[in-house]
Amino acid sequence: MRILIIGGGAIGSATALFLKRLGGARVDVQVVERDSTYARASSALSAGSIRQQFSTPLNIAMSRFGFEVIGSAADEWLSVDGEPVELDFVPSGYLFLATEGGKATLAANHAVQTRAGADVLWLEPGALAPRFPWLSAEGLAAATLGLSHEGWFDGYSFARALRRKAVSLGAQYRQAAVTGLRRSGDRLTSAQLDDGTVLEADAFVNAAGPWAREAASMCGVEVPVFARRRTVFALGCPTPLPRTPLVIDPSGVWFRSEGAGFIAGWSPGAGQEDPDDLPLDADLTLFEDVLWPALAARVPAFEALRVQRAWAGYYEVNPFDHNAWIGPHPDIANFVQANGFSGHGLQHAPAAGRGVAEWLLHGRYEALDLSPLHMDRWRRNAPYLERNVI
Ligand SMILES: Cc1cc2nc3c(=O)[nH]c(=O)nc-3n(C[C@H](O)[C@H](O)[C@H](O)COP(=O)(O)OP(=O)(O)OC[C@H]3O[C@@H](n4cnc5c(N)ncnc54)[C@H](O)[C@@H]3O)c2cc1C
């Protein structure tokens with residue numbers, strides 16, 4: 001069986017890894033990646049964090065497996081020739097903060113998380129000051145804190161480790177851009193590359209990240225994924241502060257410790273979305289206009305923050321329900337999707353890669369049923385909504 005994967009970021013590489021792990025010599029895996037430096041790839045530009053605090057049981061289960069591969073057993077899954085895997089994993093919780101208006105949603109999410117076995121603590125505002133004396137509880141009605149299976153890591157190293165492991169198992173990477181996909185009826189037959197090569201395959205995986213819609217358009221089908229720029233700021237704070245969890249403020253601003261300083265960003269809320277495909281230049285005005293006021297209001301010591309550097313990457317947004325598209329395209333069964341992760345794809349790469357590999361090799365899911373993420377939900381207009389989008 002020949003599988004061609006478009007895109008060798010974390011998702012494409014995790015898919016390659018699991019295809020070889022589960023399929024061995026009976027599967028030929030070609031990963032076509034146009035830029036092996038990953039300069040614009042989301043996997044290299046992310047905030048590299050993992051959480052249990054989602055609003056659907058499936059996303060929680062996907063993170064649970066992600067935590068195993070990234071956090072607790074990285075050597076077991078990713079080591080090549082016995083070399084230790086260095087992902088700089090920092091175990092630390094997310095702290096979600098809610099106003100009165102957001103309290104019911106926070107409670108509903110917390111109930112889902114608790115039922116799914118996630119170790120998440122509910123905190124009334126009065127419980128915040130003893131735990132986090134540096135935080136202002138002004139305007140807050142409740143909070144939740146992840147007590148285990150959350151943290152952060154180096155996203156670029158993780159994507160590299162997935163690739164290295166996939167290669168060690170026999171996957172082949174080719175540096176080229178896919179520029180065309182040939183279709184015969186309801187099947188794809190070959191991919192045209194920009195170096196003139198035509199590669200035939202039995203199935204094709206769309207792991208093109210923020211460019212998944214563009215890849216799909218090469219065979220005349222729609223995949224609603226949009227590249228939305230997100231700027232991350234690295235910050236220094238002259239006022240000494242203890243290490244913080246990854247704090248999600250009701251304003252949409254988030255921050256967490258990073259080394260001796262902090263990183264922070266902002267997720268626009270409904271109706272605030274920015275245009276697609278903006279150039280990947282950091283939006284420096286965002287700090288003064290949006291981040292600083294919110295950060296200084298929440299953490300008085302942040303009044304003294306200094307921007308050290310900033311970078312931008314693309315969220316690969318699925319505006320339909322902010323969840324991934326996984327599985328066969330409704331119009332082309334052998335064009336399998338693994339995209340649209342809407343900002344949580346790094347932590348879900350292991351579960352997505354394993355699921356896509358199972359689907360391709362066995363025609364069904366074995367470890368975790370990913371069928372709620374199939375694209376037919378779009379056709380049926382039945383969103384599988386993720387409410388906790390950061
Ligand atoms: C600022 C920011 C913060 C984030 N924070 C987190 C976080 O904390 N936790 C988390 O889990 N996720 C986070 N994410 C999301 C996460 O980074 C992505 O969901 C994930 O990296 C997607 O991986 P991918 O492999 O699909 O995409 P990418 O890493 O973008 O890889 C896609 C690859 O496809 C290649 N490609 C595209 N088209 C073609 C073509 N035609 N031919 C050949 N190659 C092609 C590209 O070159 C690229 O390398 C964040 C993202 C951003 C931008």
Side-chain angles (χ1 to χ4, degrees), residues 4-16 30-51 54 59 62-63 66-67 70 94 150-156 158-160 162-163 173-181 191-195 199 204-218 225 227-233 246 248 254 256 258 263-267 280 282-283 310-318 322-326 337-353 356 389-390:
L4 187 145
I5 301 174
I6 309 166
I11 300 294
S13 293
T15 304
Q30 300 271 345
V31 183
V32 183
E33 168 54 58
R34 64 186 171 199
D35 177 15
S36 57
T37 72
Y38 296 106
R40 288 159 51 82
S42 303
S43 302
L45 298 167
S46 92
S49 311
I50 178 165
R51 59 185 158 119
F54 284 95
N59 279 341
M62 290 177 81
S63 276
F67 184 86
I70 300 165
Y94 279 56
E150 297 192 337
W152 45 84
F153 55 96
D154 185 63
Y156 177 77
F158 175 51
R160 280 274 167 207
L162 288 167
R163 176 176 171 147
Y173 280 68
R174 182 185 281 258
Q175 175 146 346
V178 174
T179 52
L181 292 169
Q192 170 82 50
L193 311 190
D194 66 348
D195 61 8
L199 289 178
F204 298 75
V205 178
N206 184 355
W211 302 278
R213 187 175 87 259
E214 186 185 298
S217 73
M218 293 178 197
V225 170
R228 301 263 166 81
R229 182 176 67 187
R230 295 287 180 271
T231 301
V232 181
F233 293 87
L246 200 163
I248 316 293
W254 59 266
R256 67 161 170 82
E258 173 71 23
I263 61 169
W266 175 61
S267 286
L280 273 186
D283 178 1
W311 73 91
Y314 289 128
Y315 264 27
E316 68 298 42
V317 172
N318 159 15
H322 298 278
N323 260 322
W325 300 117
I326 302 237
Q337 308 305 305
N339 53 58
F341 289 83
S342 304
H344 48 260
L346 217 46
Q347 62 199 287
H348 285 176
V356 169
V389 182
I390 299 170

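Order of listing sets the numbers, starting from 1, for every ligand and every atom in it.
With a 4.5 Å cut-off on side-chain heavy atoms, Val32 and Leu199 count as touching. Side-chain contact between Pro350 and Phe158: present, with at least one pair of heavy atoms (C-beta onward) separated by less than 4.5 Å. Proximity of Phe341 to Ile326: side-chain heavy atoms (C-beta onward) are separated by under 4.5 Å at one or more points. Between Asp283 and Arg229 there is a side-chain heavy-atom pair separated by less than 4.5 Å. Within the 4.5 Å cutoff, the side chain of Asn206 has no heavy atoms near those of the Phe204 side chain. For the pair Tyr314/Trp211, a side-chain contact is recorded, criterion being any heavy-atom separation below 4.5 Å from C-beta on. In this structure the side chain of Ser49 reaches within 4.5 angstrom of the side chain of Tyr94, judged on heavy atoms. The shortest side-chain heavy-atom distance between Leu45 and Leu280 falls under the 4.5 Å cut-off.
Closest to atom 22 (C) of ligand 1 among all protein heavy atoms lies Glu316 OE2, 3.3 Å. At the shortest separation from atom 33 (C) of ligand 1 among protein heavy atoms lies Glu33 OE1, 3.4 Å. Of the protein's heavy atoms, Gly209 CA, 3.5 Å lies nearest to atom 27 (O) of ligand 1. Looking only at heavy atoms of the protein, atom 44 (N) of ligand 1 is closest to Arg34 N, 3.3 Å. Looking only at heavy atoms of the protein, atom 29 (O) of ligand 1 is closest to Ser43 OG, 2.5 Å. Here the protein heavy atom with the shortest distance to atom 24 (P) of ligand 1 is Ile11 CG1, 3.6 Å. Protein heavy atom in closest approach to atom 16 (C) of ligand 1: Leu346 N, 3.8 Å. Protein heavy atom in closest approach to atom 30 (O) of ligand 1: Ser42 N, 2.9 Å.
Closest heavy-atom contact between Gln347 and Ser63: OE1-OG, 3.1 Å.
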request  = With side chain to side chain contact (heavy atoms under 4.5 Å, CB included) as the test, would you mind laying out the steps for Asp195 and Arg174 before giving the verdict?
outcome  = CA-CA 10 Å; Asp195 61 8; Arg174 182 185 281 258; 4.1 Å; yes

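Listed by number with element, the atoms of ligand 1 under 4.0 angstrom from any heavy atom of Ala177 are 42 (N), 43 (C). Close contacts between ligand 1 and Pro210 involve ligand atoms 30 (O) [criterion: under 4.0 Å to a heavy atom]. Each of the atoms 2 (C), 3 (C), 4 (C), 50 (C), 51 (C), 52 (C), 53 (C) of ligand 1 lies under 4.0 Å from some heavy atom of Tyr315. Those atoms of ligand 1 with a heavy atom of Gln347 less than 4.0 angstrom away are 9 (N), 10 (C), 11 (O). Close contacts between ligand 1 and Ala176 involve ligand atoms 43 (C) [criterion: under 4.0 Å to a heavy atom]. Those atoms of ligand 1 that come under 4.0 Å of a heavy atom in Gly48, given as number and element, are 7 (C), 8 (O). Those atoms of ligand 1 with a heavy atom of Tyr314 less than 4.0 angstrom away are 53 (C). Interface of Val32 with ligand 1, defined as ligand atoms under 4.0 Å from a residue heavy atom, comprises 43 (C), 44 (N).
Residue contacts with ligand 1: Val178 is placed with a nitrogen or oxygen under 3.5 Å of a nitrogen or oxygen of the ligand (distance criterion only). Checking only distances, Arg230 never comes within under 3.5 Å of ligand 1, N or O to N or O. Between Gly343 and ligand 1, at least one pair of N/O atoms sits closer than 3.5 Å.
Not less than 6.0 angstrom separates the ring centroid of Phe54 from the ring centroid of His322.
Without hydrogens or angle criteria, Tyr315 side chain to Ile390 main chain gives a donor-acceptor distance under 3.5 Å.
For Ser267, the side-chain hydrogen bond (donor to acceptor under 3.5 Å, both in side chains) test picks out no residue, with sequence neighbours left out.
Side-chain contact of Tyr156 with Ser46: a donor-acceptor pair under 3.5 Å is absent, judged by distance alone.
In this comparison of Ala338, Ala47, Ser63, the heavy atom closest to atom 5 (N) of ligand 1 sits on Ala47. Closest to atom 34 (O) of ligand 1 by heavy atom, among Gly345, Gly7, Ser49, is Gly7.
Using a non-hydrogen distance threshold of 4.0 Å, Asn339 does not register as a contact of ligand 1.
For Ala207, every heavy-atom contact with ligand 1 shorter than 4.0 Å involves the backbone, none the side chain.
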